[in-house]
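For this chain, numbers begin at 1 and follow the sequence in order. Note that the structure is a prediction, hence the values are computed from the model and not measured.
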Amino acid sequence: MTRTRKVFAWTLASLVVLLVALVLIIAFFDWNRIKPSLNAKVSEELHRPFAINGNLAVIWQREPDEGGWRAWVPWPHVVAEDLSLGNPDWSKTPQMVTLKRVELRLSPLALLAQRVVIPRIDLTEPNADLQRLADGRANWAFKFDPKDPNAERSSWVVDIGAIGFDKGHVTLDDQNLKTQLDLIIDPLGKPIPFSDIVGDKAAKTASQKGAAPQDYAFALKVKGQYHGQKLAGEGKIGGLLALQDAARPFPLQAKLKIADTSVELAGTLTDPLNLGALDLRLKLAGTSLGNLYPLTGVTLPDTPPYETDGHLIAKLHEADGAVFRYEEFNGKIGQSDIHGSLAYVASQPRPKLSGSLLSNQLLFADLAPLIGADSNAKQKARGGESKQPADKVLPVEEFKTERWRDMDADVEFTGKRIVHSEKLPFNDLYTHLILTDGVLSLEPLRFGVAGGTLDAQIRLNGRTEPLEGRAKLTARKFKLKQLFPTFEPMKTSFGELNGDADITGRGNSVAKLLGTANGNLKMLINDGAISRELMELAGLNVGNYVVGKIFGDKEVKINCAAADFDIKTGLATTRLFVFDTENAIIYIDGTANMATEQLDLTITPESKGWRLISLRSPLYVRGKFIKPDAGVKAVPLILRGAGMVALGVIAAPAAGLLALVAPSGGEPNQCAPLLEQMKAGKAPVTVKPTK
């Protein structure tokens with residue numbers, strides 16, 4: 001053997017011996033010897049005390065799943081026992097995380113490409129105590145202080161495939177969110193197939209979107225407070241959280257009770273490393289949709305008790321912000337059905353809610369909480385903070401305008417049929433709600449009423465304090481025979497009601513808006529009938545008294561009723577208020593004070609014939625809106641119409657009301673000649689009653 005061959009042989013043999021020695025050293029090395037330096041290094045990097053208190057071992061095993069020659073390369077399996085990670089100095093408790101055991105395997109070949117590949121980490125009995133102070137400091141936020149700020153970032157990449165876990169305990173004390181939770185995780189004993197919880201159809205759909213969801217492996221129990229409200233619940237989850245395989249679904253199921261809100265969900269989480277996407281069947285129920293605001297930050301109106309069942313899809317890393325879609329949900333609000341789809345985008349500068357809603361049968365009473373018009377008992381049940389005074393009619397509950405500035409909205413709502421009562425059905429409802437930076441508009445707000453339409457344009461500026469509001473209303477072609485379907489004399493009537501209103505006001509409730517209102521109200525009714533029975537039907541006890549005093553118990557045909565109110569600072573004053581009947585002209589004069597809710601009206605009839613009206617003094621209606629008083633004034637009856645003509649006060653309002661005159665049912669409108677006479681400064685022909 002030549003010298004060169006001997007050198008080469010000895011060199012090769014030495015390398016083999018060194019390699020064997022290295023393998024033997026690694027295989028039989030006592031890794032516990034490096035624990036002090038390892039603990040110190042991790043503690044230095046995290047600025048927290050870290051310790052592996054138990055055994056640290058590395059076991060080398062082949063990975064048959066690798067395939068080919070790679071299957072012969074042994075992988076290190078690292079096992080560490082009794083681990084702890086401490087809290088920052090400001091915390092009152094010493095430990096943030098404790099683990100009974102951690103086991104992982106590491107790909108040795110990936111290290112050659114500067115990649116730390118850990119296909120799976122298994123955690124045994126994890127316990128975590130998470131804390132965040134009111135000033136924002138959180139114990140899960142770590143400080144990393146590079147020694148050289150200008151140093152290049154490390155080219156090494158850590159790739160963790162999945163996390164497995166077993167029985168654990170997590171507590172959360174978040175002073176920022178006023179949230180304290182205590183979560184216990186326990187093995188189920190026997191896994192439950194995903195389809196057993198969500199159903200075969202939902203399981204098949206989930207599988208078609210990617211990998212089949214894993215079985216439910218653990219039970220959850222949680223209690224505490226969320227946003228200051230009591231929380232309790234239970235649920236089930238899978239046993240392996242796939243971090244790198246974003247398409248592998250992680251199963252979730254839970255039933256929670258948060259204050260008066262019940263939440264049920266079942267479905268999957270994908271891409272959990274980034275909280276990437278949720279695909280859940282979601283059921284919600286509670287006393288008012290408005291109570292979801294402190295839980296979700298979504299501004300919703302106050303409502304009667306509700307329940308919904310739909311499909312929640314969330315994509316949490318969209319370019320414009322996280323997107324939540326509650327699709328094709330069905331449910332009830334009060335006694336009204338509700339269906340639709342909504343999308344919530346966590347965009348800047350404000351998140352936005354959009355979508356469309358539909359109710360096939362909407363009870364008018366279920367709209368009352370929107371303006372605080374429900375009873376005190378119902379307000380209390382839904383968590384309303386105000387109480388309607390017993391002597392007030394106009395709702396005093398204030399709008400939560402501070403919430404309007406937290407979110408924008410663009411939502412359409414259609415009520416196919418509105419039920420007010422069996423005797424007075426509304427036809428339908430459509431509105432387009434726009435909320436932009438605290439300004440709420442309903443344009444249009446359209447009701448179908450008695451064969452006609454009530455169109456409203458409502459705008460409420462919640463950016464001002466107090467709220468500024470404006471309402472423009474147009475009532476057209478309300479058919480009297482449909483308004484009072486059970487009143488026999490109206491069934492053959494061609495009469496209609498038409499009206500206009502334009503009102504502005506300031507205040508954070510309906511009562512305050514109307515109590516400061518400025519504007520006008522005009523209304524015409526033609527070809528109708530009036531009687532005590534009709535007043536009883538409409539629930540107008542004072543009207544019942546007035547009609548009885550003037551006409552007795554008989555039914556009287558109305559040729560025309562015309563009203564024009566001027567409104568200043570909540571005081572509505574009659575410019576013209578007159579009823580033209582077959583027997584008499586009835587003038588109404590006075591005020592309705594919406595700030596104090598007081599009526600002060602004088603009713604003066606003028607007979608069209610001899611002795612048809614026996615009343616010799618005018619009537620009055622005075623007192624609170626809720627229970628006004630009616631009676632006979634202790635003064636003689638005078639020619640009210642002649643006095644008004646002499647003063648020239650009815651010509652202008654009469655001219656303004658002519659714009660509301662329209663043919664009814666193809667018949668001439670009987671209000672036209674009456675208003676034309678008044679416009680010309682002439683009172684209708686009347687005869688002074690005999691004494």
Side-chain angles (χ1 to χ4, degrees), residues 229 258-262 284-308 329 331-340 342 353 355 357-390 392-404 406-407 409 411-415 417-421 424 426 428-433 435 440-442 445-447 454 456 458 460 462 467 469 471 505 507-515 625-626:
Q229 303 191 63
I258 309 173
D260 62 359
T261 300
S262 298
L284 293 170
T287 57
S288 172
L289 285 172
N291 294 344
L292 289 175
Y293 176 79
L295 308 180
T296 64
V298 179
T299 302
L300 295 170
D302 290 319
T303 66
Y306 70 93
E307 57 184 41
T308 67
F329 63 84
K332 293 181 68 176
I333 298 178
Q335 297 302 310
S336 305
D337 65 289
I338 189 73
H339 318 273
L342 293 171
L353 179 72
L357 303 173
L358 170 70
S359 177
N360 292 308
Q361 181 162 296
L362 175 66
L363 268 68
F364 205 80
D366 291 335
L367 298 175
L370 299 178
I371 58 172
D374 47 343
S375 68
N376 283 332
K378 290 182 178 179
Q379 285 188 32
K380 183 178 180 181
R382 63 174 168 82
E385 297 178 354
S386 63
K387 183 177 181 181
Q388 185 71 19
K392 295 285 187 181
V393 173
L394 301 178
V396 302
E397 184 174 8
E398 295 194 348
F399 300 111
K400 300 178 178 69
T401 56
E402 70 281 358
R403 298 182 180 181
W404 297 3
D406 293 342
M407 185 189 81
V411 178
E412 293 183 273
F413 177 77
T414 302
R417 179 173 180 266
I418 301 178
V419 179
H420 179 275
S421 71
L424 185 59
F426 280 57
D428 51 52
L429 163 66
Y430 170 79
T431 190
H432 188 185
L433 181 150
L435 177 63
L440 175 66
S441 65
L442 299 170
L445 171 58
R446 179 177 300 132
F447 290 90
L454 175 61
I458 295 177
L460 303 174
L467 169 74
N508 292 340
S509 67
V510 172
K512 290 179 180 177
L513 281 168
L514 292 177
F625 287 0
I626 196 166

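- Between L467 and F399 there is a side-chain heavy-atom pair separated by less than 4.5 Å.
- Across every non-hydrogen atom of L363 and Q335, the tightest pair is CD2-CB, 3.6 Å.
- Taking the side chain to side chain contact (heavy atoms under 4.5 Å, CB included) definition, one finds that L295 meets it with Y226, Q229, I258, T261, L292, sequence neighbours left out.
- Atom CG of N508 sits about 5.0 Å away from atom OG1 of T401, to the nearest 0.5 Å.
- Annotation: the span from E397 atom CD to N376 atom CG amounts to 9.5 Å, rounded to 0.5 Å.
- A distance of 10.0 Å separates CG in L433 from CG in L445, rounded to the nearest 0.5 Å.
- Between the side chain of N291 and the backbone N or O of D260 there is no donor-acceptor pair closer than 3.5 Å.
- Shown here for S509 and V396, the closest heavy-atom pair between the two residues is CB-O, 3.5 Å.
- You'll find the side chain of L442 stays beyond 4.5 Å of the side chain of F413, heavy atoms only.
- Checked by atom type and distance alone, the side chain of D406 never pairs as donor or acceptor with a backbone atom of V298 at under 3.5 Å.
- Without hydrogens or angle criteria, Q379 side chain to D374 main chain gives a donor-acceptor distance under 3.5 Å.
- Put simply, NZ on K392 and NZ on K387 are 15.5 Å apart, with the number rounded to the nearest 0.5 Å.
- Between R446 and D428, none of the side-chain N atoms (NZ, or NE/NH1/NH2) sits under 4.0 Å from a carboxylate O, so this pair counts as no salt bridge.
- Across all non-hydrogen atoms, the minimal contact from R382 to S288 is CB-CB, 3.5 Å.
- The closest side-chain heavy-atom distance from L353 to M407 is below 4.5 Å.
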Side-chain atoms of residues 299-306: list all donor-acceptor pairs with protein atoms under 3.5 Å, sequence neighbours left out, distances to 0.1 Å.
residue: T299; atom: OG1; partner: R403; partner atom: O; Å: 2.9
residue: D302; atom: OD2; partner: K400; partner atom: NZ; Å: 3.0
residue: T303; atom: OG1; partner: L289; partner atom: N; Å: 3.0

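- The distance from atom OH of Y430 to atom OG1 of T414, rounded to the nearest 0.5 Å, is 6.5 Å.
- Counting heavy atoms from C-beta on, the side chains of L358 and D337 never come closer than 4.5 Å.
- Put simply, CD1 on I333 and OG on S359 are 8.0 Å apart, with the number rounded to the nearest 0.5 Å.
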